[in-house]
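Note on naming: letters A, B, ... go to the chains in the order of the sequence lines (proteins, then strands), and numbering restarts at 1 for each one. None of the values given here were measured: they were computed from a predicted structure.
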2 protein chains.
Amino acid sequence: MNKKVSLKDIAQKVGVSTALVSYVLNDKRQNRVGKDLAKKIKKTATTLNYRPNQIAKSLKTNKTNTIGLIVADISNPFSSQIARAIEDEAEKNDYTVILGSSGENAEKSAKLINIFLERQVDGIIICPVENTQAQVRYLHKINIPFVLLDRYFPEVKANHVSVNNFGAAYMAVDHLIKQGYRNIGMIAYKTSLVHLQERTRGYIEALRNNKQSFKKSRLKELKMGCTQQEVEKAIDQLLKQPVDALFFTSNTLASCGIKYINKLHIQVPNDLGIVSFDETEAADLFYAPLTYIKQPIDEMGKQSLHILLDKISGKKKMITSNIDGELIVQRSSVLE
Amino acid sequence: MNKKVSLKDIAQKVGVSTALVSYVLNDKRQNRVGKDLAKKIKKTATTLNYRPNQIAKSLKTNKTNTIGLIVADISNPFSSQIARAIEDEAEKNDYTVILGSSGENAEKSAKLINIFLERQVDGIIICPVENTQAQVRYLHKINIPFVLLDRYFPEVKANHVSVNNFGAAYMAVDHLIKQGYRNIGMIAYKTSLVHLQERTRGYIEALRNNKQSFKKSRLKELKMGCTQQEVEKAIDQLLKQPVDALFFTSNTLASCGIKYINKLHIQVPNDLGIVSFDETEAADLFYAPLTYIKQPIDEMGKQSLHILLDKISGKKKMITSNIDGELIVQRSSVLE
DNA sequence: TTGAAAGCGCTAACAA
DNA sequence: TTGTTAGCGCTTTCAA
């Protein structure tokens, strides 16, 4: 193993103290170091191919310039895009992110938090999963900077950035109604996660405000992580009723759904209108490209990171942000 | 800020030295510590909610249990899946991974390598981009454990794991021919990356071995990162010729391609057969689900990590691994 | 303008 | 069986 070169090596070679080398290489108290000496030190550093040891620096400064990110399910494009947005922004601010995926599992989430804390991350961004309120409270208690992303718990005070789920869902269903659909079904999740409940609430409110009655039988609530078969069964049950449009509460459900609708040879949009919350690559490739709610992923990533950086730099005030989604209208919801 | 509790705090509370506490908490020289004392130390640790500082540990042991991973383009599902596979496997082995995306850019790649080295990662896994041979040589020179993944440079000796690109491409084209397609075009990349050249070579060889002449006009080589328009133009040029099947060299190209073919209302598979190297979610949703080469992503991730761990633990021998892809036949390439 | 020295939290060689 | 101590590579206070 090549011995790594340290400040000490440079100091010895130049014949000065390590302190001075540290000052020079970090451009601190610039004016108070002899120009020639400074130049010599810098030159020696490059000659020896010096690379500062961040671990040592971190130990000393108590700052790792690292943040932890926990997404709910990295195999979902929403998660990977959010991760990417945050990483891009982190890099611009000289932070490195370590990423974990909780897989919608509370224990896994706890484990990741612990790993992050042991590694002395400066802050954490979490897309929290069900039943992790205690974890959030704990983070608050130990006073580590963190922000919740995409999801939050109304009963737990915490910085968070999320989408206006209610508004976006309302917009989607309102759009379907305005297009002339009269019997709109929804495939949603049975969950304690408020951000998802909000989507369902948006659906119901949009119906009501448009003088369409909300029928319980038209709202199918599946468990998270449900199978293709379960989605198909739900669709079967909906199609037995006079349903002429479907609103999917997530990209995963929509993706399962259109695969099935494809198989059934149902005519979209004329026999069945479709809108999906969040996108899939599939959305564009379906024979009738899907109308969907575009989530402001980049904005969410950026904002969450900047709120976190604010916290890290000591800001106390709680910050929450609620960003509007956008309805992208394509063929699947426009009667011909 | 809650003061973090350290070994020292525990030592003081119990009235022993930090050394002893360290031994007990790490279960070292177990038998040689008084049972009662050990119990007391452990209890105090939990009471104080002690959490070891990995940074300090790393500085001392010169081991971070962290590996760096550089993928070529995190927005591509291939990359995110590979990242996921590696992370899963890393976690099982008590490693944390820090992830970077080079965006097919050599400078970005160099920057990431530098960040990783400064952070004292124990090893690096890289999907190298064009013109980064020097970087690979440098890693070799400074003697840091690393393995190349998915791609490699024949002229640079290095551990790597990759797919049998030639074999998989051959299999794909051979399948088309066996299905009765006679005029097969290919949309490929113009690149110095050998793993992609191998796919083109597989195409040409499969034609030759089946007594079909290879026509240069049927091989379109686009630059990496090309636009939808450029793909459409290439398809236009191919369709002017008597071409009855297309082989796409990547999921991105295939995705662009089928969007266009969808628009053109071409009948797949009867008027045009299609096979894609690597998959897209889109592949299943196209009206004629796509036949594609399934890359052994999990296996690649796993193997690369284990080779890296071997290197980290001191194994010297160079290891390379070449894994076969699998042809998943769906409707898009089967004449009816 | 420069340097000495303490110390971040931990491990491990050595001593008792 | 238990404890002392040096030191990982760095920053920063204080002194010269």
Side-chain angles (χ1 to χ4, degrees), chain A residues 1-42 44-45 48-66 94 117-122 142, chain B residues 1-42 44-45 48-66 117-122:
Chain A
M1 192 66 170
N2 286 349
K3 186 73 189 64
K4 281 172 189 156
V5 354
S6 70
L7 279 189
K8 209 167 153 190
D9 299 317
I10 300 176
Q12 279 174 353
K13 189 133 184 181
V14 180
V16 295
S17 71
T18 60
L20 202 53
V21 178
S22 170
Y23 285 133
V24 171
L25 295 183
N26 289 298
D27 280 329
K28 295 212 168 162
R29 60 177 202 187
Q30 322 188 10
N31 354 352
R32 288 178 285 151
V33 174
K35 296 246 174 204
D36 290 352
L37 193 50
K39 204 175 270 175
K40 194 169 172 195
I41 290 173
K42 279 184 178 162
T44 310
L48 294 182
N49 197 15
Y50 171 70
R51 177 175 291 122
N53 181 329
Q54 291 296 339
I55 296 289
K57 198 180 262 198
S58 292
L59 180 60
K60 181 67 191 179
T61 60
N62 214 11
K63 183 112 180 28
T64 54
N65 268 46
T66 303
D94 277 320
L117 292 177
E118 288 190 352
R119 286 179 179 263
Q120 316 296 122
V121 295
D122 294 335
I142 64 172
Chain B
M1 192 66 168
N2 285 349
K3 185 75 187 60
K4 282 173 190 157
V5 353
S6 69
L7 280 189
K8 208 167 154 190
D9 300 316
I10 299 176
Q12 279 173 353
K13 190 135 182 177
V14 180
V16 294
S17 72
T18 60
L20 203 52
V21 179
S22 171
Y23 285 132
V24 171
L25 296 184
N26 288 298
D27 281 329
K28 296 213 169 161
R29 60 177 197 185
Q30 322 186 15
N31 355 352
R32 289 178 285 153
V33 173
K35 296 246 174 200
D36 291 351
L37 192 52
K39 204 177 269 176
K40 193 169 174 194
I41 289 173
K42 280 183 178 164
T44 310
L48 294 182
N49 197 16
Y50 171 70
R51 175 175 293 121
N53 182 328
Q54 291 296 342
I55 296 289
K57 197 180 262 197
S58 292
L59 181 60
K60 181 67 191 180
T61 60
N62 215 12
K63 183 114 180 28
T64 54
N65 268 47
T66 302
L117 292 177
E118 287 190 352
R119 286 179 179 263
Q120 316 295 124
V121 295
D122 295 335

Euclidean distance, atom NZ of residue B/Lys8 to atom C1' of C/dG7 [Å, nearest integer]: 8 Å
First encountered from the 5' end of DNA chain D, between B/Asn62 and B/Leu37: B/Leu37
Atom pair NZ/CG of B/Lys4 and A/Asn62 - distance to nearest 0.5 Å: 5.0 Å
Any N/O donor-acceptor pair, B/Lys60 side-chain to C/dG9 base, under 3.5 Å: no
Sugar-phosphate, base or nothing in reach of B/Ser22, heavy atoms under 4.0 Å: base
A/Ala56 side-chain proximity, nearest of D/dT5, D/dG9, D/dT2: D/dG9
Spatial distance of atom CG (B/Asn53) from atom NZ (B/Lys60) [nearest 0.5 Å]: 14.5 Å
For atom NZ of A/Lys57 and atom P of C/dG9, their distance in whole Å: 19 Å
Global bending angle along the helix from C/dT1-D/dA16 to C/dA16-D/dT1, which compares the axes of five pairs at either end, to 10 degrees: 50°
Phosphate OP1/OP2 of D/dT11 contacted by A/Asn26 side-chain N/O (<4.0 Å): yes
Residue pair B/Val5 / B/Tyr50: nearest heavy atoms and the distance that separates them: O-CD1, 3.4 Å
Touch class at under 4.0 angstrom, heavy-atom based, for B/Ser17 against every strand present: base
Atom pair distance, as rounded to whole Å: NZ in A/Lys40 and P in C/dT2: 12 Å
Heavy-atom donor-acceptor pair, A/Tyr23 side-chain to D/dT13 base, under 3.5 Å: yes
Interatomic distance where NZ belongs to A/Lys63 and C1' belongs to D/dT12 [whole Å]: 18 Å
Atom-pair distance (CG on A/Leu25; C1' on D/dG9), nearest Å: 13 Å
Nearest-angstrom distance from the residue atom CG of A/Asp9 to P of D/dG9: 8 Å
Test item: B/Thr64 side-chain N/O and B/Gln120 main-chain N/O as donor-acceptor pair under 3.5 Å: yes
Test side-chain contact (heavy atoms from CB on, under 4.5 Å) applied to A/Leu37 and A/Val21, A/Val24, A/Val16, the passing residue: A/Val16
Nearest to side-chain heavy atoms of B/Tyr50, which nucleotide of D/dC10, C/dC10, C/dG3: C/dC10
Results of salt bridge (Lys or Arg N to Asp or Glu O under 4.0 Å) for A/Lys63 - residues two or more places apart only: A/Asp122
Between D/dG7 (C1') and A/Leu59 (CG): distance, integer Å: 12 Å
Separation of atom CG in A/Asn53 from atom P in C/dG9, rounded to whole Å: 17 Å
Nearest-0.5 Å distance that lies between atom CD1 in A/Ile41 and atom CG in A/Leu7: 10.0 Å
Side chain of B/Leu7 - closest among C/dC8, C/dT11, C/dA5: C/dT11
Pairwise 5' ranking along DNA chain D for B/Gly15 and B/Thr61, keeping only the more 5' one: B/Gly15
Beyond-backbone contact of B/Ile55 with A/Lys57, side-chain heavy atoms, under 4.5 angstrom: no
